[in-house]
Each structure stands twice: as C-alpha cells, then as structure tokens.
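Reading through the structure tokens given below for one structure.
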Number of protein chains: 2
Amino acid sequence: MGRFADDLIASMKQAAAHARGRKVRGLRVSVVEAPDVRAIRRKLRMSQHRFAAAFRIPLPTLKNWEQGRRQPDAPAAAYLLAIKRRPKEIMEAVKG
Amino acid sequence: MGRFADDLIASMKQAAAHARGRKVRGLRVSVVEAPDVRAIRRKLRMSQHRFAAAFRIPLPTLKNWEQGRRQPDAPAAAYLLAIKRRPKEIMEAVKG
DNA sequence: CAAGTCTATGCGCCAATGGCGTCTACGTAC
DNA sequence: GTACGTAGACGCCATTGGCGCATAGACTTG
C-alpha cells in the first residue's frame, strides 16, 4: 500500500473516533471543530518534525493528534485553527 | 487593598508556583516560558469572559491559568505567545 | 441601605490529554 | 546491504482540561 492509502486509513480511523465520541475533555463537547492537523501540515509542505518545531508543539503530541490517538484540547484546537488560517503570521509570531 | 495589590499577590503566587516546580506535563520541563496570561489580557483591556471567548479558550481554563492553579501546556503556551505578539491577527483568525 | 450585576477567586471532581520512550516499517539514497 | 529520515503504533504516568458551585469585592440602580 502506498502513502495515500495509509493516509486514507488514518483519516478514517480519525473520522471513526470523531464520530464515535464527541467528548473532548471532562465529558464535554468541543465547540471548535478540531481542524485536520495533517491537512494543515501537508498544505505547508512540512514534515512532522519541522511543523512541530515551527509551532512549538511537542513532536509526540503532534503525532498523537495526527494518528487520531488524542484529540487536541480546546486551546490547542483554537491554536490549530489560527495556524490553519494564518500560518505564516503565527509562525513568525512564535519564532525565536 | 486595591486591585493592584491583589494583582501583585496573584503574580507572586504565580511566580512562587513557577519557581517551585518547572515541570509542565509528564515530568518534563517546558521549553517556552508560559507567558503571563493576565498581563496579556489586561493589555487588551478585556475581561476574562471576553478574552476567553475571543480566543476560544474555556473560561475555567483561563481562570486556572491566571490563578496559577494550572500551567498552560506546551501548545497552549505557544498559542499564548502568539496571542501576546499578534493579538489582533489571532483574534481575527479564530473568529466566527 | 439593599438589591442586582459584573468580575474574579478558590476548590473539588473525573476523564482525557500531554509528553516521553521504544519499536517497527517504509522509501530513498549512499 | 546499510544508513537515514519520516511516520505509525502503543505503553506509561503525572498533570491538566473542563465543569460546577460557592464566595467575595466593586459598581450601578432603585
């Protein structure tokens, strides 16, 4: 299987997990839809490593999100939304 | 005591908590210094309620941070850093 | 003065996440 | 072949996220 197939599978797992339980933290429901981290990253053409470094997200955490093993909590979801919409500005803002 | 004295006390509590244990999550140390949330918010002249809403941070979470009861995790710290440096852009980015 | 509103502190509670390490697997290049 | 970089999978623990409720000032209004 190629990369795309793997991605599809991963996405489906995420979708399944997403549809299954919408609880995010403390039994509640998230207000902001957690953006698709991988899609955002791929769009920026960055490896997990670089993406994590650029936005100061611990690599294991990013992996957890992309693999659907963990769900970004509310502040993280907001952060990702901001990254999605203004990647360059955010990258600049958190640099150095 | 006035508002400023209260703020000072709160800040000192935070400072104490900060100096005491530098662990952030999973026994490790944070790379990004967690910005002073209250300072950022005050600078924007927003109430906790509005600040939380504007940046999609759950109000209780914001309170925990400001009271020094909890420490923003790495992604949250990065988010706060971004907010500190480009408040308006971020606010715009996560709006709607 | 009292009543109501807004703002913020303090704290208990639970499940979920953050964060790390390790192992495995795939591709490409040397 | 071997080395390297990227990424998926999973175990583990302490800490946080997230909520609710009670309390306490400050400011306005009746």
Could you tell me how far apart [X] ([atom1]) and [N] ([atom2]) are, to the nearest whole angstrom?
X        : N       : atom1 : atom2 : result
Asn64(A) : dA16(C) : CG    : C1'   : 12 Å
Leu62(A) : dA9(D)  : CG    : C1'   : 15 Å
Gln71(B) : dT16(D) : CD    : C1'   : 11 Å
Gln67(A) : dT6(D)  : CD    : C1'   : 12 Å
Trp65(B) : dT15(D) : CH2   : P     : 18 Å
Leu59(B) : dC21(D) : CG    : C1'   : 14 Å
Ile57(B) : dG18(D) : CD1   : P     : 10 Å
His49(B) : dA8(C)  : NE2   : C1'   : 13 Å

Below the 4.0 Å mark, does [N] have OP1 or OP2 next to a side-chain nitrogen or oxygen of [X]?
X        : N       : result
Arg41(B) : dA8(C)  : yes
Arg38(A) : dG8(D)  : yes
Gln48(B) : dT9(C)  : yes
Arg70(A) : dG11(D) : no

>> Donor-acceptor pair, distance only, cut-off 3.5 Å: does the side chain of Arg70(B) make one with the backbone of Asn64(B)?
In response: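 Side chain of Arg70(B) to backbone of Asn64(B): no pair is present.
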> Is the side chain of Arg41(B) donor-acceptor paired with the backbone N or O of Phe51(B) at a distance under 3.5 Å, no angle test?
Replying inline: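 The answer is no, because no donor-acceptor pair under 3.5 Å joins these two groups.
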>> Quick check on DNA chain C: between Pro58(A) and Lys63(B), whose nearest nucleotide comes earlier from the 5' end?
In response: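 Closer to the 5' end of DNA chain C: Lys63(B).
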>> On DNA chain C, compare the nucleotides closest to Met46(B) and Thr61(A); which residue's is nearer the 5' end?
In response: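 Looking at DNA chain C, the more 5' nearest nucleotide goes with Met46(B).
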> Below 3.5 Å, does any donor atom in the side chain of Arg69(B) face an acceptor in the base of dG12(C), or the other way round?
Replying inline: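 Pair found.
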>> From the set dA8(C), dG8(D), dG19(C), return the single nucleotide nearest to any side-chain atom of Ser47(B).
In response: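 Nearest to the side-chain atoms of Ser47(B), counting from C-beta on, is dA8(C).
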>> Nearest to the Asp73(A) side chain among dG19(C), dT17(C), dA9(D), which nucleotide is it?
In response: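 That would be dT17(C).
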> Reckon Pro60(A) touches a base, only the sugar-phosphate, or nothing at all at heavy-atom distances under 4.0 Å?
Replying inline: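 The answer is base, as Pro60(A) lies within the cut-off (heavy atoms under 4.0 Å) of a base atom.
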>> Rounded to the nearest 0.5 Å, what separates atom NZ in Lys88(B) from atom CD in Glu89(A)?
In response: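 So the gap between those two atoms works out to 15.0 Å.
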> Below 4.0 angstrom, N of the basic side chain to O of the carboxylate: do Glu92(B) and Lys95(B) qualify?
Replying inline: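 Lys95(B) and Glu92(B): salt-bridged.
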> Do you know the tightest heavy-atom contact between Pro72(B) and Ala77(B)?
Replying inline: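 Smallest heavy-atom distance, with atoms named: CB-N, 4.1 Å.
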